[in-house]
Amino acid sequence: MPFFTTVFARSSKILLEQVQALQLPSASSLLFSVSANTEPSVLSKVVSHFGQDENCIGCLAHSPLQSAVSCAVAAFPSSEVVSFRSTIKGLAPISLGKPRRPANPAAKYDQGGAWFDQLDDHAFKDTKFTNGSFLWGTSNNPNSVHVLPEGLEDVPVASIKNIVYFSDGAPEGLKSALDSRFPLAAQMGLIGSSTPFVTGRPYTLLQGSKVWSDGAVGLAFLKGGLTSTHAFHGYEAFSKTYTVSKAESNLIHSLDDQNPVKQLLAALPAIQGGTSTGSLGSFKDMEIYLGTFTSGSDRIYRLISGGPSKGILALESEDGPTEGTQVRV
């Protein structure tokens, strides 16, 4: 059965301890991302913990919380996935300066667009183009030639249901190739963090024991119907369960139709040695979070301010839980 979890920690050391404590299913293929702000000495240990199998796919990415380091892991039965590595080029980065035009400007664009030059030695030689776009139906043309990622060349088209990949900053070529070859497969991609000051590489993409600086790595799923479970590792609830009765954007106005700040202040003595300050202030010296437990919307928010007079809790987010959501602090 698939397994999904995300670990947040205040320090890299705690993150490593929590990752090493995870009980991952045996005989599984892994997708994982580690926040690029993890300490380098710990980062290598976290990556090594997930093993050296070719079906172990990872990358360095941004942490969803600026004040924490994180690691997201998904495990799937190896019999249901195929790993792949792509070196298909995407769009070239935009450069400043005076453009240099080719001797025959029309020649390139007659063949399907400026970035066709990067692929014309390998792909689409027999594919017809009109104004830089594929003609409808050419993806199923048996005479068409497609560049495919290593590992997917011989996979039957109808057997792929979902594709997940980690890429550098130019995934356009890969996306186009997957669209052409597997038009019915759902795709989800994540562009990794820029890591020149972390690992010395533009991007850090991982496939087993191999580390890549560009391109993409991913898993193609042979079966659908995945399920997920949610857990907030390393966090302990100290309040009862409340229902959000009034909320707006990232502000919570009432919990159980009562002042939410006063309810939180009443619960704080349990973790403050029996004393309460009477105000939540700016939370600069406290790490207090609000977790949602309504099916389909499990999430954790950091509380950043609140006062008992107005009774409004502010969350470190652009939005927050909606009315009717079950929450705990």
Side-chain angles (χ1 to χ4, degrees), residues 1-6 24-25 27-34 50-51 53-62 71-91 115 118-119 122-124 127 133-134 136-142 144-193 203-208 210-228:
M1 181 176 178
F3 172 87
F4 302 83
T5 189
T6 301
L24 300 175
S28 295
S29 296
L30 300 181
L31 278 172
F32 71 92
S33 66
V34 185
F50 294 121
D53 190 272
E54 288 293 315
N55 284 352
C56 182
I57 304 297
C59 75
L60 300 190
H62 291 291
C71 178
V73 187
F76 310 92
S78 295
S79 60
E80 297 182 5
V81 301
V82 177
S83 66
F84 63 88
R85 156 71 178 157
S86 171
T87 56
I88 302 173
K89 296 182 181 298
L91 294 175
W115 67 285
Q118 302 177 35
L119 301 174
H122 306 284
F124 314 122
T127 303
S133 301
F134 287 109
W136 289 105
T138 56
S139 60
N140 297 319
N141 186 342
S144 298
V145 180
H146 303 278
V147 172
L148 287 175
E150 179 183 346
L152 296 182
E153 302 96 329
D154 300 322
V155 177
V157 174
S159 66
I160 299 298
K161 304 299 182 182
N162 305 285
I163 300 173
V164 179
Y165 57 84
F166 301 139
S167 78
D168 60 13
E172 298 86 4
L174 171 61
K175 184 179 184 303
S176 178
L178 294 176
D179 282 339
S180 299
R181 177 63 174 172
F182 307 106
L184 299 181
Q187 295 183 40
M188 182 171 67
L190 172 68
I191 295 178
S193 294
Y203 297 88
T204 304
L205 308 174
L206 308 161
Q207 183 184 28
K210 300 175 181 177
V211 183
W212 309 102
S213 301
D214 55 13
V217 292
L219 294 179
F221 295 83
L222 303 176
K223 296 182 180 180
L226 300 179
T227 58
S228 63

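Predicted model, so just to flag it, every value in this text is computed and none were measured.
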Review point. Closest heavy-atom contact between Ile88 and Ala177?
Key: CD1-CB, 3.8 Å
Practice item. Measure the CG-CD1 distance between Leu152 and Ile163 for me, rounded to the nearest 0.5 Å. Key: 6.5 Å
Practice item. Decide yes or no on side chain to side chain contact (heavy atoms under 4.5 Å, CB included) for Leu206 and Val217, but give the supporting numbers first. Key: CA-CA 7 Å; Leu206 308 161; Val217 292; over 6 Å; no
Review point. With sequence neighbours excluded, what pairs up with Gln187 under the side-chain hydrogen bond (donor to acceptor under 3.5 Å, both in side chains) test?
Key: Asp179
Point to revise | Inter-residue atom distance Ser167.OG - Leu205.CG, 0.5 Å rounding | key: 7.5 Å
Point to revise | Carboxylate-amine/guanidinium contact Asp214 Arg85, below 4.0 Å | key: yes
Point to revise | Donor-acceptor contact below 3.5 Å, side chain Glu80 vs main chain Ser78 | key: no
Check your understanding: Is the shortest heavy-atom distance from the side chain of Phe84 to the side chain of Leu148 under 4.5 Å?
Key -> no
Study note, to complete from the structure: Between Leu174 and Ser86 the two heavy atoms that sit nearest each other are CD1-OG, 3.6 Å
Practice item. Search all heavy atoms of Ser180 against all heavy atoms of Pro183 and return the closest pair with its distance. Key: O-CD, 3.9 Å
Study note, to complete from the structure: CZ (Phe50) and CD1 (Ile57) are apart, to the nearest 0.5 Å, by 13.0 Å
Exercise for review: Return yes if some donor-acceptor pair links the side-chain N/O of Ser176 with the main-chain N/O of Glu172 below 3.5 Å, else return no.
Suggested key: no
Point to revise | Over all atoms of both residues, closest heavy-atom pair of Ile160 and Phe182 | key: CG1-CE2, 3.6 Å
Point to revise | Residue pair Gly151 / Val82: nearest heavy atoms and the distance that separates them | key: O-CG1, 3.5 Å
Study note, to complete from the structure: Hits for side-chain hydrogen bond (donor to acceptor under 3.5 Å, both in side chains) against Ser33, two or more places apart or cross-chain, chain-then-number order -> none
Review point. How many angstroms lie between CG in Asn55 and CG in Leu31, if you round to the nearest 0.5 Å?
Key: 10.0 Å
Exercise for review: Return the set of residues passing side-chain hydrogen bond (donor to acceptor under 3.5 Å, both in side chains) with Ser193 (not counting sequence neighbours), or none when no residue passes.
Suggested key: none
Check your understanding: Nearest 0.5 Å, what's the OG-CG distance between Ser29 and Leu219?
Key -> 6.0 Å
Review point. So, do Tyr165 and Lys175 sit near enough that their side-chain heavy atoms are less than 4.5 Å apart?
Key: yes
Check your understanding: How long is the gap from CD on Glu150 to OG on Ser83, to the nearest 0.5 Å?
Key -> 9.0 Å
Point to revise | Closest non-hydrogen atom pair, Cys56 against Phe32 | key: SG-CE2, 3.6 Å
